[in-house]
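Order of the sequence lines sets the chain letters (A, B, ...), proteins ahead of strands, with each chain counted from 1.
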Protein chains: 2
Amino acid sequence: MSANDNTVNIRSNKGGYHHGDLRSALIETGLKLLEQGSAETLSLREIAREIGVSATSIYRHFPDKDALLAALAAEGMAKLAREQKAAAKGKDGKEAFAEMGRAYVRFAVRNPALFRLIYTSLPSAADPNCVNQEESPGWLLRQSIAGLAGEKATAAQKRAALLRAWSLVHGLSMLILSGQIAGTDADKLIDEVVSVDSLKLR
Amino acid sequence: MSANDNTVNIRSNKGGYHHGDLRSALIETGLKLLEQGSAETLSLREIAREIGVSATSIYRHFPDKDALLAALAAEGMAKLAREQKAAAKGKDGKEAFAEMGRAYVRFAVRNPALFRLIYTSLPSAADPNCVNQEESPGWLLRQSIAGLAGEKATAAQKRAALLRAWSLVHGLSMLILSGQIAGTDADKLIDEVVSVDSLKLR
DNA sequence: CAAATAATGTTTACAGCGACAACATGAGCG
DNA sequence: CGCTCATGTTGTCGCTGTAAACATTATTTG
C-alpha cells in the first residue's frame, strides 16, 4: 500500500538496533498520520514515536522535514494519478475525462491533508527532477483533454481547454476542503460541475 | 491600508508600558509579515518582536494563535471583496463578472500567503457568526452570476453556475500559487480561463 | 574468515515556538 | 486621592526541528 511498492524487504525489526526499512516506514506512517491531521500538525517526533525509533533517525534518510513532506507529496501524487487512471479505464472521450474529474475531486475529499500537501509547493517539490511529469494528475487530464479537443484544435486551444478543466476540478476540490460549499453532497457537486458541456472544448 | 480603517486612535507608543492600540498593530504587522512568508512560518513572537512588545501580550487580545490568524483571514477576505467590487464598478453583466474573476485571481497572485490563509478553514473561521456572509468573495460572485443567468433560470441552475464560476477562478488561483502552471503570464491565463463563454450559464 | 569501513540508529543538547501563571503598570472612574 | 481593572511583562513549561558526537550493525575487502 505504500512507498515504492517493492514488497518491502524488511525483517521489519529483527530485534534491535537496525530497523530494516526505516525509509519506507517513515513514509508509510507519515501518510497514516496525515489522515488524521494536517501537514502542519504532523511532527517528525510523532512519526518516530509511532514507529518506535529515535526522533533523529529520520535524518539518516531525509535532510529535513520538508524533504520528508516532499516524499509524502510525491507518494500522494502517484496515488491520485493511479486512481484517475483506474477511474477512466475502459472509458474514452468525454466519459473518460468526466471520470477523471470525479476521481480527482473524490481523492481530495477523502485525503484532504494529503491533497493539500500535494499542492502546497514546498521549495523541494519545485525541483526540476521531481515527479512533475508523466505521473502527474495534470498530465493525465491533459491527455484526456487532448483527445477531446478535436483534430483541428490548435495547440493554444488545447492548452486553454486543459487549463479550464484542471482549474475547474481543482477549484471545486479546494472549495469543498475549505468548507466554503455548505453541506451538500460532494458527489452531486461533482456531477453538477464536472459536466463536459461546461468546458468550452472547441 | 490596514485593519479596520479607523484612523488608528493611538498615541502609538506614548512612551512606555501601554501601547495604545495593540490589537490593530498586531493585525497590521501580521498582514505585513504575511507578505514575506506563509501563515505557518508566521510566529506570534516575531510579530511581537516587530512591534516591540513582549511575546505574551498577544494573549490580552486573542485567545490563541488561530484566533489571530482568523482575524487576519477576515481582514484579507474584506480586502479581496473590496477589490472585486472596485474592479466591477461601472461595469455590468458579463463584463462585471469577468472583472471580478480577474480581480480574484490577481489578488491571489499578489497576496499568496493571505489568500491561502483565507481558504484554509481554521476551526475558528467556521464559526457561524463569522464573516461568511455579505462581504465574502463567493457572495459577490453569486450576485454577478445571478444577474447573468437569465430570468428563467431555476435556482438550481443559478447555483450550479455560481459553483462553476467560483471553482474556475479559485482553481486557477490555486494552481498558479502552487507553481503547477509553468511560467506563463498570469494576466494572460486569467483571460484565457475567465471568459464568460466558458461557463455554461444557461 | 577477520578486519576495516560505511550505513544506520541513539543520546545529548540547543534555540525557537505556543501557551499558561503570577506579577507590574498605569488609565479611568469614584 | 485612591481603587480597580484592562493591559503589558517576566518566568516557565513542554513541544518542536535539527546539529554533533557516539553506538551498533552490515558490508566490503584483504
Discussion item. Given 3.5 Å as the limit, does a donor-acceptor pair link the side chain of A/Asn111 with the main chain of A/Leu114, or not?
Written reply: no

Worksheet item: Once you round it to whole Å, what is the distance between C1' of C/dA24 and NE2 of B/His19?
Response: 19 Å

Item to complete: Verify the contact: side-chain N or O of B/His61 to OP1 or OP2 of D/dG8, cut-off strictly under 4.0 Å; return yes or no.
Response: yes

Worksheet item: For the side chain of B/Asp64, counting heavy atoms from C-beta on, which of D/dG8, C/dA19, C/dT10 is nearest?
Response: C/dA19

Worksheet item: So, A/Arg164 and B/Glu192, do they make that salt bridge, N to O below 4.0 Å?
Response: no

Worksheet item: In whole Å, what is the span from the NZ atom of B/Lys65 to the C1' atom of C/dG16?
Response: 12 Å

Discussion item. I'd like to know if B/Ser54 reaches the base of D/dT10 with its side chain, counting only an N/O donor and acceptor under 3.5 Å.
Written reply: no

Worksheet item: Within this structure, what is the CZ-to-P distance between A/Arg49 and D/dG14, rounded to whole angstrom?
Response: 14 Å

Discussion item. In whole Å, I'd like the distance from the CZ atom of B/Phe62 to the C1' atom of D/dG8.
Written reply: 15 Å

Item to complete: Return the 5'-most residue of the pair B/Arg45, A/Tyr59 with respect to DNA chain D, ranking by each residue's nearest nucleotide.
Response: B/Arg45

Worksheet item: Base, sugar-phosphate alone, or nothing: which one does B/Ser43 contact when heavy atoms must sit under 4.0 Å apart?
Response: sugar-phosphate

Practice prompt. Take the angle between the ring planes of A/Tyr119 and A/His170 and call it parallel below 30°, perpendicular above 60°, tilted in between.
Written response: perpendicular

Practice prompt. Please tell me which of A/Glu46 and B/Ala55 maps to the more 5' nucleotide of DNA chain D, matching each residue to the nucleotide holding its nearest heavy atom.
Written response: B/Ala55

Fill in: Length of the CD-P vector between B/Glu40 and C/dG18, whole Å
12 Å

Worksheet entry | d(CG, A/Leu44; C1', C/dT10) in whole Å | 16 Å

Discussion item. Check this for me: does any side-chain nitrogen of one of A/Glu99 and A/Arg102 sit under 4.0 Å from a carboxylate oxygen of the other?
Written reply: yes

Worksheet, complete the sentence: Winner on side-chain proximity to A/Ser57, out of C/dA19, D/dG8, C/dG9, is C/dG9

Fill in: Polar pair under 3.5 Å, donor/acceptor by atom type, side chain B/Arg60, base D/dG8
yes

Worksheet item: Whole-Å distance between D/dC15 C1' and A/Leu42 CG?
Response: 14 Å

Worksheet item: Which listed nucleotide (C/dG9, D/dT18, C/dA19) is nearest to the side chain of A/Thr56?
Response: D/dT18

Worksheet item: To the nearest Å, how far apart are A/Asp66 CG and D/dT18 C1'?
Response: 13 Å

Practice prompt. Answer with yes or no after comparing the ring centroid distance for B/Phe97 and B/Tyr104 against a 6.0 Å cut-off, counting only values under it.
Written response: no

